[in-house]
Structure formats: structure tokens, C-alpha cells
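Along the sequence shown, residues carry numbers from 1. All values below come from the heavy atoms of this structure, side chains included, with hydrogens, waters and symmetry mates left out.
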Amino acid sequence: MVTIKNSVIAAAVFAFLPLSFAASSASAMDDGVASAIQSLGLTDVSQQYRNVQGVAFRGVLPDGTPVRVNLDRNGDITEVEARDKLGFEARQVEAIVPEAVQANPAYPAQAKIWKLELHDGELVAIKGYIPGTSAVDAEFGPNGNAIGVTAQR
């Protein structure tokens with residue numbers, strides 16, 4: 001009974017959402033998925049989930065690393081995460097990391113990345129490691145300034 005009640009409530013809530021918002025949001029997400037696939041050069045793409053907040057899908061980067069990619073409802077990439085402990089090379093995601101961030105000397109261009117987060121064009125967060133040396137946790141602002149970069153052995 002609880003499941004039916006929750007389904008009825010959810011249906012009622014979604015019935016009141018403007019159809020144009022739902023359609024434009026879905027279109028933006030579809031465009032975002034196509035753009036993300038092209039920007040990252042993904043193959044073997046499969047959708048994990050889709051809801052009003054965004055979409056998540058899996059794919060394989062050109063270097064063979066399996067990743068999960070999250071997009072917000074506007075179709076913008078919010079996260080790229082390696083699905084294995086080896087991570088992916090920073091150069092595999094150059095197309096989506098702002099040039100100002102890449103130009104910063106603190107940008108870990110030689111890192112293997114476990115997780116890349118992009119927050120509304122305001123913040124870029126990178127978690128990964130530099131092979132043979134240390135773990136890296138870095139955050140950069142919208143103009144490429146380093147907010148915090150730590151390396152742990």
C-alpha cells in the first residue's frame with residue numbers, strides 16, 4: 001500500500017510540472033549526452049539512470065578506461081569517475097577541463113584521475129594520484145586559480 005501511495009503522490013507532483021520544462025530539460029540532457037560522448041571520445045556507452053535531476057551513463061575512454069559520467073538537467077557534465085582503481089590520464093578529459101585550470105602550474109597534468117568534478121563552471125575538483133609518488137586532491141576556481149592542492153605520499 002505504501003508503494004502505491006508513493007507512486008500516486010509522485011504522479012500527482014509530476015503532473016503539475018510544466019510540460020515545456022520537462023521537454024526542454026530532456027532535450028538538454030540528450031544534447032548533453034551526445035556532446036559528452038563526443039568530447040570524451042567514449043565508446044560502449046550505456047545509460048545507468050535518468051531522472052529530473054540529470055542522467056548518468058557508463059562508457060569507455062579512448063585509452064580503454066571504463067568511466068561513469070554524470071550530467072545535470074541542463075546537460076552539463078558534473079562528474080567523470082573511473083570505474084577501476086587505476087584511474088584515467090588527465091589528458092583523456094582535457095576537452096572538458098577549462099583552459100584556465102590546465103594553464104595553472106598546480107594542475108596535475110601527469111596525474112591518473114579517479115574522479116573529476118565540475119561544479120556549475122565555478123569549481124573543478126580532481127582526485128587521483130601521480131604514479132609512483134603520491135595521491136592528489138586539487139580544487140580550482142573558475143578563473144583557474146588553485147583553491148587547494150594537496151599531495152600525500
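- When all heavy atoms of R73 and V52 are compared, the pair lying nearest together is CB-O, 3.3 Å.
- Of the candidates V97, I113, D137, I113 is the only one forming a side chain to side chain contact (heavy atoms under 4.5 Å, CB included) with I126.
- Residues L86 and T65 are not in side-chain contact: their nearest non-hydrogen atoms beyond the backbone lie 4.5 Å or more apart.
- Nearest heavy-atom pair, A90 versus A109, reported as atom, atom and distance to 0.1 Å: CB-O, 3.5 Å.
- Of the charged side-chain nitrogens involved, at least one lies within less than 4.0 Å of a carboxylate oxygen, so that R68 and E79 count as a salt-bridged pair.
- The two residues Q110 and P131 make their nearest non-hydrogen contact at O-CD, 3.8 Å.
- Between G87 and A82, the closest heavy-atom pair is CA-CB, 3.7 Å.
- V45 and F88 fall within a single hydrophobic cluster, where Ile, Leu, Val, Met, Phe, Trp and Tyr side chains are chained together by heavy-atom contacts under 4.5 Å.
- Follow the hydrophobic side-chain contacts under 4.5 Å out from I130 and you never reach Y107; the two are in separate clusters.
- Every residue two or more places apart in sequence or in another chain was checked for a side-chain hydrogen bond (donor to acceptor under 3.5 Å, both in side chains) with D72, and none qualifies.
- Surrounding CD of Q47 are more than 12 heavy atoms belonging to other residues, nucleotides or ligands, all under 6.0 Å away.
- Annotation: side-chain hydrogen bond (donor to acceptor under 3.5 Å, both in side chains) contacts of D120 (sequence neighbours excluded): none.
- In this structure F57 satisfies the ring pair (Phe, Tyr, Trp, His ring centres under 6.0 Å) test with no other residue, sequence neighbours excluded.
- A heavy-atom distance below 4.5 Å is found between the side chains of L40 and L61.
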List the steps and the verdict of side chain to side chain contact (heavy atoms under 4.5 Å, CB included) for D76 and L118.
CA-CA 9 Å; D76 297 325; L118 304 163; over 6 Å; no
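- By the side-chain hydrogen bond (donor to acceptor under 3.5 Å, both in side chains) test, T78 is found to be paired with no residue, residues two or more places apart in sequence or in another chain being considered.
- Residue I77 is grouped with residue I37 when hydrophobic side chains (ILVMFWY) are merged at heavy-atom distances under 4.5 angstrom, including chains of intermediate members.
- Within the 3.5 Å criterion, the main-chain N or O of G144 finds a donor-acceptor partner in the side chain of N104.
- Sorted by first and then second residue, the ring pair (Phe, Tyr, Trp, His ring centres under 6.0 Å) pairs involving residues 114-151 (not counting sequence neighbours) are W114-Y129.
- Atom CD of Q53 sits in a sparse spot, with 12 or fewer heavy atoms from other residues, nucleotides or ligands closer than 6.0 Å.
- The only option from V80, V60, V69 that meets the side chain to side chain contact (heavy atoms under 4.5 Å, CB included) definition with L42 turns out to be V69.
- Evaluation of the side chain to side chain donor-acceptor pair (under 3.5 Å) test over residues 82-94, restricted to residues two or more places apart or in two chains, returns E89-R91.
- Under the 4.5 Å side-chain criterion, counting only non-hydrogen atoms from C-beta, V67 is not in contact with R58.
- Closest non-hydrogen pair, I147 versus G141, comes out as CD1-N, 3.6 Å.
- Annotation: side chain of V124 is in contact with side chain of L116 (closest heavy-atom distance under 4.5 Å).
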